[in-house]
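Have a look at the structure below before the remarks.
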Amino acid sequence: MYKIGIDLGSSFTKGVLVDDNNNIIDYHLTRTGFDFNKAAQKIIDKFSADHEIQYPVYTCGYGREELKIPFASNSEIIALANAVFKHYNKKCSIIDIGGQDTKYVTVSESGQVDKFKMNRKCAAGTGSFIEEIAFRLDISVEEFTSLAKQATEETKINSYCTVFAVSEIVGMIKKGSTMPNIILGIYNSVIDRSVELSPIEDFLVITGGIPDNHPLIVNLFKKRFPNCDSPEKSQFMAAYGCVLLNLENNI
Amino acid sequence: MSEEIKEVAKLQSVNALRKTMDEYFLRLSTAAETGNKKIAWCTSVGPAELLYSMGFEVYFPENHGAMLGASKLADKYIPTAVAHGYSPDICSYLTADIGAFLQNETPLQKNGFKSVPKPDILVYNTNQCHEVGDWFMYYAKHFNVPILGVNTPLWINELTPSIINGIANQFKDLVPELEKVAIQKFDLEKFRETVHLSHEGCVLWRKVLETAKHKPSPINFFDSAIHMGPIVVMRGTQYAVDYYKILLTELEERIKNNISSIPNEKLRLYWDGMPLWYKLSSMSKLFAHHDTCVVASTYCNSWVFDDLDPKDPFESSAIAYCKLFIVRSDDAKQNVLEKLMTDFSIDGIIYHDAKTCARNSNNRFGLQNRLNEKNKIPYLEINGDLCDSRCYSEEQSIIAIETFIKQLSTRK
Ligand code: SF4
């Protein structure tokens with residue numbers, strides 16, 4: 001029997017398939033859309049095609065209490081902290097950059113959540129900021145990363161507001177800034193917003209869909225904070241944490 | 001798997017509360033219609049005692065703002081005020097209230113009012129913020145009636161004699177102007193009497209709040225936010241005193257019979273900042289569902305003016321209204337909070353950062369960190385607003401609150 005962990009994010013739903021030794025053997029990602037049940041079902045269908053799965057499934061994130069399948073839910077922040085702690089086995093701070101939320105979590109030596117904060121109401125510092133700018137400038141995620149690598153210097157983006165940031169960028173292009181330099185500015189602006197959540201003192205772990213899809217962001221974090229890492233497929237950490245947490249609780 | 005919904009135990013006194021508030025509004029509407037009494041508009045922590053002692057019926061626009069928030073109407077009115085030049089970043093009591101006025105609507109229409117009761121005079125105290133002056137000025141101009149103000153300095157650290165004397169003198173200076181509008185002479189004995197009644201009401205209200213020191217608590221913040229109505233609008237009258245005797249008796253009975261506000265109190269929280277009026281009932285259910293009782297708050301505690309003393313009504317009014325939490329420096333606030341945390345056995349603090357009320361958002365200058373360093377009580381900050389629900393992300397806040405509760409449970 002295999003266990004499933006599902007993290008219902010505002011943009012994407014992340015699923016992990018976990019074996020008897022509690023190792024992840026498969027990952028699946030799907031757009032959440034407006035129907036949480038459908039998104040969760042897609043994950044289950046994908047995994048159950050080749051594996052016999054165990055219920056309840058372990059969930060966290062938006063709309064988790066409304067699911068129609070048997071589920072055991074958890075806070076995504078506690079789930080994330082749990083998986084990250086199991087991975088590194090030490091006190092750390094996590095910055096998780098997702099579609100709509102950026103979270104800052106500190107995890108104690110014993111693996112408990114010590115403190116956490118979420119971004120304020122607006123999209124600054126979240127994935128939506130990058131997505132919206134990419135859409136407005138008609139650049140794909142892949143192009144974003146390859147363009148950023150060609151940057152020679154950063155063009156600083158000031159605006160918190162996504163819409164105003166686009167007009168600011170248009171102005172910069174007119175003044176001769178190059179797209180690679182602007183994208184570097186966008187990445188740094190996301191980092192700036194996220195590190196405003198708290199002073200960073202501990203070992204720093206970067207997670208979420210944004211660092212997974214924009215690996216340069218992780219490198220930029222590492223430049224600022226040498227004591228920093230990002231696990232592979234970091235956006236699945238909370239989904240995995242749900243499974244681990246519930247095993248601990250013997251559900 | 002979804003669990004059963006755990007209900008908050010309803011207070012029986014709510015019927016007496018409704019009656020007390022209805023009668024208050026009836027007195028106001030009668031005054032508005034018949035002119036049998038003059039009407040003064042007053043800020044929520046303004047000189048209500050002085051106004052009641054001089055025979056005014058007293059109307060509180062902030063109470064109206066809270067009503068607009070609680071009835072989820074504020075969002076309908078705020079844009080109208082914004083269109084008339086009032087920024088969406090300023091007090092949403094103000095924008096909701098002025099917006100409703102511009103649309104000629106009010107929930108008071110249910111209480112028999114045609115419109116909000118026309119003022120004969122407006123009196124404010126800037127001890128809470130300076131926005132009340134701008135707010136009242138709008139109506140003073142509109143109705144062409146006098147406006148008086150007590151200008152209290154903000155950020156009072158120590159209550160020095162010069163501050164107290166200055167404010168006491170400003171209170172005294174109101175008298176001749178009020179006499180002109182009231183068409184009656186100021187009577188010191190009557191003022192002493194209203195100060196006495198205000199003191200009595202405040203002491204009863206404090207005792208009501210203090211019942212929450214008991215474990216489990218017989219009352220929670222979301223109830224208190226409703227039951228504070230009389231101490232805000234009838235401070236200085238027998239009506240408030242009578243009501244809080246009823247409420248206190250019920251709460252003491254609850255303690256005797258081991259009836260708690262929420263079914264299974266495991267955690268006790270402190271709420272700092274304004275209520276989210278449009279979410280009072282869903283918040284109340286959310287916390288109850290997680291066996292968590294919000295037992296105390298800065299907001300409800302702000303109407304405990306127990307320094308009032310009929311022997312020295314002007315000076316004691318000055319002390320009481322300058323001692324108010326909101327007007328104090330962060331150091332003074334921290335001292336108050338520290339004591340409350342111990343007195344009410346608090347496990348965690350929630351700071352509500354209200355977008356449109358800087359003065360009531362106490363997490364903006366690092367107080368939350370300093371307090372945490374000292375007493376190690378974990379805290380959570382949530383972003384929202386008192387009336388403008390557009391500033392509040394419910395889904396995000398629920399996730400944060402539920403995580404916070406889990407975080408606290410693992411510490412227990
Ligand atoms: S203290 Fe805040 S809520 Fe009260 S009137 Fe001033 S700005 Fe508005």
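All chains are named by letter (A, B, ...) in the order of the sequence lines, taking the proteins before the strands, and each is independently numbered beginning at 1. These figures come from a predicted structure and were not determined experimentally.
Of the possible polar contacts, one joining the Arg370(B) side chain to the Phe365(B) backbone as a donor-acceptor pair under 3.5 Å is found.
Taking the centre and axis of the six-membered ring of Tyr104(A), the NZ or CZ atom of Lys117(A) falls outside the cone set by 45° and 6.0 Å. Figure legend: cation-pi geometry between Lys103(A) and Phe116(A) absent, as NZ or CZ is not positioned both under 6.0 Å from the six-membered ring centre and within 45° of its axis.
Side-chain polar atoms of Asn362(B) and Gln368(B) form no donor-acceptor pair below 3.5 angstrom.
In terms of heavy-atom pairs under 4.5 angstrom with chain A, the leader among Asn369(B), Ile399(B), Thr410(B), Asn372(B) is Ile399(B).
Contacts of Leu380(B) with chain A are made by side-chain atoms alone, with heavy-atom separations under 4.5 Å and no backbone atom involved. In this structure, the portions of Thr403(B) lying under 4.5 Å from any heavy atom of chain A include both its backbone and its side chain.
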